[in-house]
Amino acid sequence: MLSLVVLISGGGSNLRALLEASEDAEFPARVVAVGADRPADGFEHAEAYGIPTFASVLSNFPDRDSWGDALLEQIEVWKPDLVILSGFMKLLPPRVIDALSPNLINTHPAYLPEFPGAHGVRDALAAGASQTGASVIVVDNGVDSGPLISQQRIPILPGDTEHTLHDRIKPVERELLIQAVLDIANGHINLKELATA
Ligand code: GAR
């Protein structure tokens, strides 16, 4: 059984999907804790499932490294097999990434390497693209630049807003994320090999 720590910043709909998936006794992973960079709305999903939460707020620390160290310390309490950035909107300091790598993955609402960064949906619309997508990657020290685990194309429809497009992307992200967790748990995806390829 793969133990997961999920990091969020917002509503945590992808987290919710993981929690629902793990209600199935056959699902080979369990969320053991949920962390955030703020008291995130998505904590309510963890609480509904009796899963512990922790927050590490950047502004409470003198610098990013000490914030990251505190976050890492809270993650490591749970000795997770895999850490999932699921709508976690802060860049982790390199030493946190190095400590967790390669067992650190991220979901992104675009077809990477297109439209990396905090505004993947908005940037695809602003570029006038006819399609975007969803991606799951291994996290490296760049911005959404790590090795791809999986991705899927999603058309941009006339009249799409950031909101309507993101709402169509999220269900695809959820499927990709759950499949990625399954594949990692079953050994069909080897994160170490991906990260060093
Ligand atoms: C998701 O679409 C996730 O890919 C995105 O934030 C959303 C979180 O939704 N992450 C990024 O844009 C990271 N660059 P959720 O809180 O409802 O799961």
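Every number for a ligand or one of its atoms is a count from 1 in the order of the listing.
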Asks: Run the numbers on T164 and D167 for side-chain hydrogen bond (donor to acceptor under 3.5 Å, both in side chains), then give the verdict.
Replies: CA-CA 5 Å; T164 60; D167 272 358; over 6 Å; no
Asks: What closest approach, in Å, do E162 and V121 show between heavy atoms, and which atom pair accounts for it?
Replies: O-CG1, 3.6 Å
Asks: If the contact criterion is a heavy-atom separation under 4.0 Å, does H119 count as touching ligand 1?
Replies: no
Asks: Got an N/O contact under 3.5 Å between A118 and ligand 1?
Replies: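 Between A118 and ligand 1, no N or O pair is found under 3.5 Å apart.
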Asks: Quick check: does N106 get an N/O under 3.5 Å from an N/O on ligand 1?
Replies: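 No; the residue has no nitrogen or oxygen that sits under 3.5 Å from a nitrogen or oxygen of the ligand.
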Asks: Would G12 count as a contact of ligand 1 if the rule is a heavy atom under 4.0 Å away?
Replies: yes
Asks: Closest non-hydrogen protein atom to atom 7 (C) of ligand 1, residue and atom name please, with distance?
Replies: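 Protein heavy atom with the smallest distance to atom 7 (C) of ligand 1: H166 NE2, 3.8 Å.
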Asks: Check each heavy atom of K170 against ligand 1 and say whether those closer than 4.0 Å belong to the side chain, the backbone, both or neither.
Replies: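 Side chain only; the backbone of K170 stays clear of ligand 1.
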Asks: At a 4.0 Å cut-off, with the gap strictly under it, does some heavy atom of A40 reach an atom of ligand 1?
Replies: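 Contact absent.
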Asks: Roughly how far, to the nearest 0.5 Å, is CG of L104 from CG of L85?
Replies: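 Going from the CG atom of L85 to the CG atom of L104 covers 4.5 Å.
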Asks: Relative to the heavy atoms of N14, which atoms of ligand 1 are at a distance of less than 4.0 Å?
Replies: 1 (C), 18 (O)
Asks: At what distance is the nearest protein heavy atom to atom 8 (C) of ligand 1, and which residue and atom is it?
Replies: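 The closest one turns out to be G87 CA, 3.5 Å.
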Asks: Just checking E73: does its CD atom have more than 12 heavy atoms from other residues, nucleotides or ligands closer to it than 6.0 angstrom?
Replies: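 Atom CD in E73 is not crowded, with 12 or fewer foreign heavy atoms closer than 6.0 Å.
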Asks: Below 4.0 angstrom from a heavy atom of G117, which ligand 1 atoms are there? Numbered from 1 as shown, please.
Replies: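 Those atoms are 14 (N).
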Asks: How far apart are the closest heavy atoms of S9 and A40, and which atoms are they?
Replies: O-CB, 3.6 Å
Asks: Sequence neighbours excluded, which residues qualify as salt bridge (Lys or Arg N to Asp or Glu O under 4.0 Å) partners of K170?
Replies: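 Partners of K170 by the salt bridge (Lys or Arg N to Asp or Glu O under 4.0 Å) criterion come out as none, since no residue qualifies.
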Asks: Looking at every heavy atom in both R38 and K90, which two are closest together, and how far apart are they?
Replies: NH2-NZ, 3.7 Å
Asks: Touching ligand 1 at all, G42? Heavy atoms, strictly under 4.0 Å?
Replies: no
Asks: Would you please determine whether I8 falls within less than 4.0 Å of ligand 1 on a heavy-atom basis?
Replies: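 No, I8 has no heavy atoms under 4.0 Å from ligand 1.
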Asks: Which residue and non-hydrogen atom of the protein lie closest to atom 13 (C) of ligand 1, and at what distance in Å?
Replies: M89 SD, 3.7 Å
Asks: Using a strict cut-off of 4.0 Å, indicate which atoms of ligand 1 neighbour a heavy atom of S13.
Replies: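 Ligand 1 atoms under the 4.0 Å threshold to S13: 15 (P), 16 (O), 17 (O), 18 (O).
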Asks: Name the atoms and distances for all side-chain donor-acceptor pairs under 3.5 Å in residues 183-190, with sequence neighbours left out.
Replies:
residue: D183; atom: OD1; partner: Q179; partner atom: NE2; Å: 3.0
residue: N186; atom: ND2; partner: L182; partner atom: O; Å: 3.2
residue: N190; atom: OD1; partner: K192; partner atom: N; Å: 3.0
residue: N190; atom: OD1; partner: E193; partner atom: N; Å: 3.0

Asks: Grab the two heavy atoms, one from P102 and one from A195, that are nearest each other, plus how far apart they are.
Replies: CB-CB, 3.7 Å
Asks: Grab the two heavy atoms, one from L19 and one from Y49, that are nearest each other, plus how far apart they are.
Replies: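 So the minimum-distance heavy-atom pair works out to O-CE2, 3.6 Å.
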Asks: Would you indicate which of R122, H108, R174, E173 comes nearest to atom 1 (C) of ligand 1 when only heavy atoms are counted?
Replies: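 Among R122, H108, R174, E173, the closest heavy atom to atom 1 (C) of ligand 1 comes from E173.
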Asks: Of the protein's non-hydrogen atoms, which lies at the shortest distance from atom 12 (O) of ligand 1, and what is that distance?
Replies: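 Nearest neighbour among protein heavy atoms for atom 12 (O) of ligand 1, to 0.1 Å: P109 CD, 3.3 Å.
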